[in-house]
2 protein chains.
Amino acid sequence: MAKATPTPAQPAGLDFPLVRRTGYLLNKAGSILMEDAERVLMAQGMRLRYFYVLAALESDLSLSQQDLSRLLHLDPTTMVALIDEMEQGGHVERRRNPSDRRRYILRLTDSGREALERAGRAVDAVEQDFLSAVPAQDRERLRALLGDLLADRWPRVIACE
Amino acid sequence: MAKATPTPAQPAGLDFPLVRRTGYLLNKAGSILMEDAERVLMAQGMRLRYFYVLAALESDLSLSQQDLSRLLHLDPTTMVALIDEMEQGGHVERRRNPSDRRRYILRLTDSGREALERAGRAVDAVEQDFLSAVPAQDRERLRALLGDLLADRWPRVIACE
DNA sequence: TATTGTTATACTCTATAACTATA
DNA sequence: TATAGTTATAGAGTATAACAATA
């Protein structure tokens, strides 16, 4: 509110019709942020989707692989390979679920918890850098708006236990 | 402002730490919108990146293939295949640039202009549907915020000539 | 019969290197 | 020498189908 920006969302030096579409901007912002995060995490031997899995497992919900794949919108078969890599990296453990022996219960290891924290700090920095063009109040406003927009779009099933 | 939303960006039924990251929300919003648009455009024999190319060519800037690839952040070699398809579909024409015979000048055909309009309406509908969860004032606010965030991130070179 | 995890496989997308024609 | 466009090709990512173990 304090900022006087009567000008439209048309940035310096670039004028083509897509730039005035919220959808295109949303898409672009998301992919830029993803690429930046991926680049920073790579330096830690980490990847963005590893980070997503670690973050999802932080809440002790007894998630299975397919729970995870639904939650993160990844194919179950790619989740197999993903968890393979993360288990080999020592960040995640597979235990059989005693009450349904088809499923695993995935658990963070101590090393996984450390990696999560380290990656979290890196991703924080990337996000803050990206969002620094806008005052803090607007950053919070943006987060709230996005939360509202996505409220009905989260995956239905997050089966625990 | 009229809406009383003291609640954080934590949607109904889903609580895990990623959901409170603006970066994750941005990413998710962008990819959902992209998938929705792709699905709708498919029914017209259209694709989202065709639409991007058509929209970029609407402004008569004498863009070459590499201009386009820089503008849309696509590899020059994928741009070749892309323009091949669109030329075969009759939406785009390649003409040699007389002042630099290495380059093409890409032009919309009449059919391409029609396809652009039709696709534009479809994408409008998708965006409006996605954004309908939020009042019009906030939609405009969102667009302005995203525009500010991206102002410094647009590709440097948009050679016209 | 349905579901979880798994493998093998095919398909799409993207990136790399080498070539041509122009500059 | 450098650049625009092109081709061939390799690599990553993703999706499909079939299977074993369990429910």
Side-chain angles (χ1 to χ4, degrees), chain A residues 27 31-32 34-35 37-39 41-42 45-53 56-57 61-88 92-107 155-161, chain B residues 27 31-32 34-35 38-39 41-42 47-50 52-53 56-57 61-88 92-107 155-161:
Chain A
N27 211 334
S31 61
I32 285 179
M34 199 186 63
E35 284 175 20
E38 195 84 59
R39 195 177 322 112
L41 290 177
M42 191 108 68
M46 178 62 61
R47 299 199 43 189
L48 191 55
R49 48 177 52 186
Y50 293 177
F51 173 65
Y52 287 168
V53 168
L57 292 181
L61 273 180
S62 300
L63 296 174
S64 72
Q65 289 185 189
Q66 304 224 7
D67 295 333
L68 263 186
S69 69
R70 276 187 287 269
L71 182 60
L72 299 177
H73 198 58
L74 295 172
D75 197 272
T77 64
T78 65
M79 188 55 71
V80 172
L82 229 186
I83 301 297
D84 279 351
E85 290 168 27
M86 298 184 68
E87 195 179 34
Q88 217 157 0
V92 168
E93 275 180 359
R94 288 192 240 232
R95 304 182 190 171
R96 280 291 168 195
N97 185 335
S99 67
D100 182 345
R101 292 187 42 71
R102 292 171 303 181
R103 300 176 168 226
Y104 289 124
I105 291 176
L106 302 172
R107 288 245 174 258
R156 307 277 165 255
V157 209
I158 315 154
C160 15
E161 203 264 330
Chain B
N27 211 332
S31 61
I32 284 179
M34 199 186 64
E35 284 175 21
E38 195 84 58
R39 195 176 323 113
L41 290 177
M42 192 107 72
R47 298 199 42 190
L48 191 53
R49 47 175 54 184
Y50 293 177
Y52 288 167
V53 169
L57 293 180
L61 273 181
S62 299
L63 295 175
S64 71
Q65 289 184 188
Q66 303 223 8
D67 296 333
L68 262 186
S69 69
R70 276 188 287 269
L71 182 61
L72 299 178
H73 198 58
L74 293 173
D75 197 89
T77 63
T78 65
M79 188 55 72
V80 172
L82 229 186
I83 301 297
D84 279 352
E85 290 168 27
M86 297 184 69
E87 195 179 33
Q88 219 158 357
V92 167
E93 274 180 0
R94 286 191 241 234
R95 305 181 189 173
R96 279 291 168 194
N97 185 336
S99 66
D100 182 346
R101 293 187 42 71
R102 291 172 304 181
R103 299 176 169 226
Y104 289 125
I105 292 176
L106 301 173
R107 288 244 175 259
R156 308 275 165 258
V157 210
I158 316 155
C160 14
E161 198 266 334

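Chain naming here is simple, since letters A, B, ... match the order of the sequence lines and numbering starts at 1 in each. The model shown is predicted, which means the values in this text are computed figures rather than measured ones.
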Engineer: Between Arg94(B) and Gln65(B), is there a side-chain donor-acceptor contact under 3.5 Å, judged purely by atom types and distance?
Structural biologist: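 Side-chain D/A pair, Gln65(B) to Arg94(B): present.
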Engineer: Where do Leu71(A) and Ala56(A) come nearest, in terms of heavy atoms and distance?
Structural biologist: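 Heavy atoms of Leu71(A) and Ala56(A) come nearest at CD2-CB, 3.9 Å.
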Engineer: Encode nucleotides 2-10 of chain C as B, S and - characters from 5' to 3', where the letter depends on protein heavy atoms closer than 4.0 Å: B to the base, S only to sugar-phosphate, - to neither.
Structural biologist: BBBBBB---
Engineer: In whole Å, what is the span from the CG atom of Asp75(B) to the C1' atom of dT16(C)?
Structural biologist: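 These atoms are roughly 9 Å apart.
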Engineer: Of all residues at least two apart in sequence or in a different chain, which pass the ring pair (Phe, Tyr, Trp, His ring centres under 6.0 Å) check with Tyr50(A)?
Structural biologist: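 Ring pair (Phe, Tyr, Trp, His ring centres under 6.0 Å) check on Tyr50(A) returns nothing, list empty.
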Engineer: Tell me: CD of Glu38(B) to C1' of dT12(C), nearest whole Å?
Structural biologist: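 Taking CD of Glu38(B) and C1' of dT12(C), I get 12 Å after rounding.
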Engineer: For Arg101(A), is there any backbone N or O sitting under 3.5 Å from a side-chain donor or acceptor partner on Arg96(A)?
Structural biologist: yes
Engineer: For Val92(A), does its backbone N or O pair with a side-chain atom of Glu87(A) as donor and acceptor, under 3.5 Å?
Structural biologist: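 Checked: no pair found.
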Engineer: Between Tyr104(A) and Asp67(A), is any side-chain donor less than 3.5 angstrom from a side-chain acceptor?
Structural biologist: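 Judged by distance alone, the side chains do not pair up.
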Engineer: If the test is side-chain contact (heavy atoms from CB on, under 4.5 Å), which one of Leu68(B), Asp75(B), Leu74(B), Leu72(B) qualifies with Leu82(B)?
Structural biologist: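 That would be Leu74(B).
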Engineer: Checking Leu41(A) against Leu48(A) for the side chain to side chain contact (heavy atoms under 4.5 Å, CB included) test, could you report, in this order, the C-alpha distance in whole Å, the side-chain angles of both residues, the deciding distance, and whether it holds?
Structural biologist: CA-CA 7 Å; Leu41(A) 290 177; Leu48(A) 191 55; 4.0 Å; yes
Engineer: Mapping Arg101(A) and Arg49(A) to their closest nucleotides on DNA chain D, which lands nearer the 5' end?
Structural biologist: Arg49(A)
Engineer: So where does chain A start and stop touching DNA chain D, 5' to 3', when the test is distance under 4.0 Å to a non-hydrogen atom?
Structural biologist: dG13(D) to dA23(D)
